> 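One structure, pasted below without further comment.
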Amino acid sequence: MALLFVSAHDHAADWVNELNAQLPELDVRVWPEGMGDPAEIDYALAWKPPAGLLASLPKLKVIFSLGAGVDALLADPTLPDLPLVRMVEPGLTEGMTEYVCLHVLRWHRDAPLFEARQRAGEWKQLTHQHLARERKVGILGLGALGSDAAQALKALRFDVAGWSRSPKHLDGVATYHGAEGLAPFLARTDILVCLLPLTPDTENILDSGLFAQLPRGAVVINAARGRHLVEEDLLTALDSGHLAGATLDVFRTEPLPAEHPFWTHPKVTITPHVAAITQARTAVEQVVGGLRRLAAGQPLINLVDRKRGY
Ligand code: NDP
Ligand code: OXD
């Protein structure tokens, strides 16, 4: 049984070690130098493989995504029509929840304002302090990541709502769904967090029309994909004062070009696509579990529905 590891971003050696520790019989090959004969590869574990690579593996049976988002894989028109398993693993979930809580709290507690005042050597208090239970946070996407972040924000006493494609029930979280649920969800959201998959339905969802439905002074946090956001619309909404700030982890072009206005915008916080990172030590179980299920003739879990696009 041979598995091809394909990623220019992840630590191949960590994956080889973790996979071999659990499945010593698995022949783990690392693309490009260690691929060997393409006709011997049964499984691929991949993040942004070059277009056409997976189609060139004639015996390939299953594709495991190293990422939760599979938009880059699905963008390859030659992607073989095989089971595609997306990454759902505790490290990714916990990492994203930490990121969301950090940045929600940062805006909630006016950290950017106090950082600017420190730089200016200015000792100036705010006379009114909001409590978390007075702050309405809205999460676009209530999947593996969004639902965990929603629960953690709830535990911090934020007033949390979420929006999904199908109806959901989450204890203590107000839930909205579908096109008709979006407007009421946005109207009650002070801090908006995007954790949607990138699909034809969600591309450019963070645009001027959506921002206009948020209350004045709202903040946007995008930790999903750069193509969810219409960048010019965000700049316009920030500069007009309608939006108070944005935290962006993902961008249409990554790395973010040096001349991009986001780098120096006083209301924008940037992180370099690090909200949550798949790491072998926590994620290996998901791949090993999938391989064991296959060996036992059981159905795979976390399969991507290609029609839905996630
Ligand atoms: P899931 O597939 O588990 O959840 C997706 C959620 O989005 C579901 O609740 C789904 O609704 C909802 N959704 C999808 N399409 C629509 C739509 N058209 N309208 C309304 N709701 C919709 O994904 P994950 O939570 O695992 O991951 C979300 C995304 O986060 C990934 O696709 C990836 O792009 C991004 N990500 C970013 C990282 C980073 O470091 N910045 C790290 C990891 C992931 P329903 O429940 O009804 O299906
Ligand atoms: C992912 C990511 O989708 O890291 O997992 O962006």
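All values reported here derive from a predicted model rather than from experimental measurement.
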> Under the 3.5 angstrom rule, does the side chain of Arg308 hit a backbone N or O of Tyr310 as a donor-acceptor pair?
yes

> Taking the six-membered ring for Trp, are Phe158 and His108 parallel (under 30°), tilted (30 to 60°) or perpendicular (over 60°)?
perpendicular

> Atom CZ of residue position Arg109 - does it have more than 12 heavy atoms of other residues, nucleotides or ligands inside 6.0 Å?
no

> Do the side chain of Lys267 and the main chain of Ala244 share a donor and acceptor less than 3.5 angstrom apart?
no

> Would you call the rings of His103 and Tyr99 parallel, tilted or perpendicular if under 30° counts as parallel and over 60° as perpendicular?
tilted

> Does the pair Glu40/Arg29 count as a salt bridge with the N-to-O cut at 4.0 Å?
yes

> Is the backbone of Asp148 close enough, under 3.5 Å, to the side chain of Gln151 for a donor and an acceptor to pair up by distance?
no

> Could you measure the distance from the CG atom of Leu105 to the CZ atom of Arg135? Nearest 0.5 Å is fine.
10.5 Å

> Can any side-chain N or O of Glu89 pair as donor or acceptor with the backbone N or O of Leu92 at less than 3.5 Å?
yes

> Do Pro50 and Trp31 make a side-chain contact, defined as non-hydrogen atoms from C-beta onward lying under 4.5 Å apart?
yes

> Quick one, Ile63 and Leu79 - any side-chain contact, counting heavy atoms below 4.5 Å?
yes

> Please examine the side chains of Asp233 and Leu210, heavy atoms only from C-beta on, and report whether any two atoms are closer than 4.5 Å.
no

> Could you measure the distance from the OG atom of Ser56 to the CE atom of Met35? Nearest 0.5 Å is fine.
5.5 Å

> State, without any angle test, whether Asp76 and Thr78 hold a side-chain donor-acceptor pair at a distance under 3.5 Å.
yes

> Report, as yes or no, whether the 6.0 Å neighbourhood of atom CD on Glu180 holds more than 12 heavy atoms from other residues, nucleotides or ligands.
yes

> Is any side-chain heavy atom of Thr247 closer than 4.5 Å to one of Ile270?
no

> Show, in sequence, the C-alpha distance, side-chain angles and deciding distance for Gln22 and Glu285, and conclude whether the side chain to side chain donor-acceptor pair (under 3.5 Å) test is met.
CA-CA 9 Å; Gln22 298 216 33; Glu285 292 292 344; 3.1 Å; yes

> Please determine whether the number of non-hydrogen atoms from other residues, nucleotides or ligands lying under 6.0 Å from atom CD of Glu122 exceeds 12.
yes

> For Arg86, does its backbone N or O pair with a side-chain atom of Asn302 as donor and acceptor, under 3.5 Å?
no

> Counting neighbours of CZ on Arg157 that are heavy atoms of other residues, nucleotides or ligands and sit closer than 6.0 Å, is the number greater than 12?
no

> Using a cut-off of 6.0 Å, state whether more than 12 heavy atoms not belonging to Asp171 lie near its atom CG.
no

> State, with a plain yes or no, whether a side-chain heavy atom of Thr175 is found less than 4.5 Å away from one of Leu142.
yes

> Can a donor-acceptor pair be found between the side chains of Glu231 and His260 at a distance below 3.5 Å?
yes

> Would one find more than 12 heavy atoms of other residues, nucleotides or ligands at under 6.0 Å from atom CZ of Arg227?
no

> Is there a side-chain contact between Met1 and Asp27, using heavy atoms and a 4.5 Å cut-off?
no

> Counting distance only, does the side-chain N/O of Trp163 pair as donor-acceptor with the main-chain N or O of Gly178 below 3.5 Å?
yes

> Test side chain to side chain contact (heavy atoms under 4.5 Å, CB included) on Leu248 and Leu234; report intermediate values, then the result.
CA-CA 11 Å; Leu248 307 173; Leu234 178 67; 3.9 Å; yes

> Got more than 12 heavy atoms from elsewhere within 6.0 Å of CZ, Arg252?
yes

> With a 4.5 Å heavy-atom cut-off, do Arg292 and Gln298 have their side chains touching?
no

> I'd like to know if Lys136 and Asp159 make a salt bridge, using a cut-off of under 4.0 Å between side-chain N and carboxylate O.
yes

> Tell me whether Ser7 contacts the main-chain N or O of Asp10 through its side chain, where contact means a donor paired with an acceptor under 3.5 Å.
yes

> Which value, rounded to the nearest 0.5 Å, describes the distance between Trp123 atom CH2 and Phe114 atom CZ?
10.0 Å

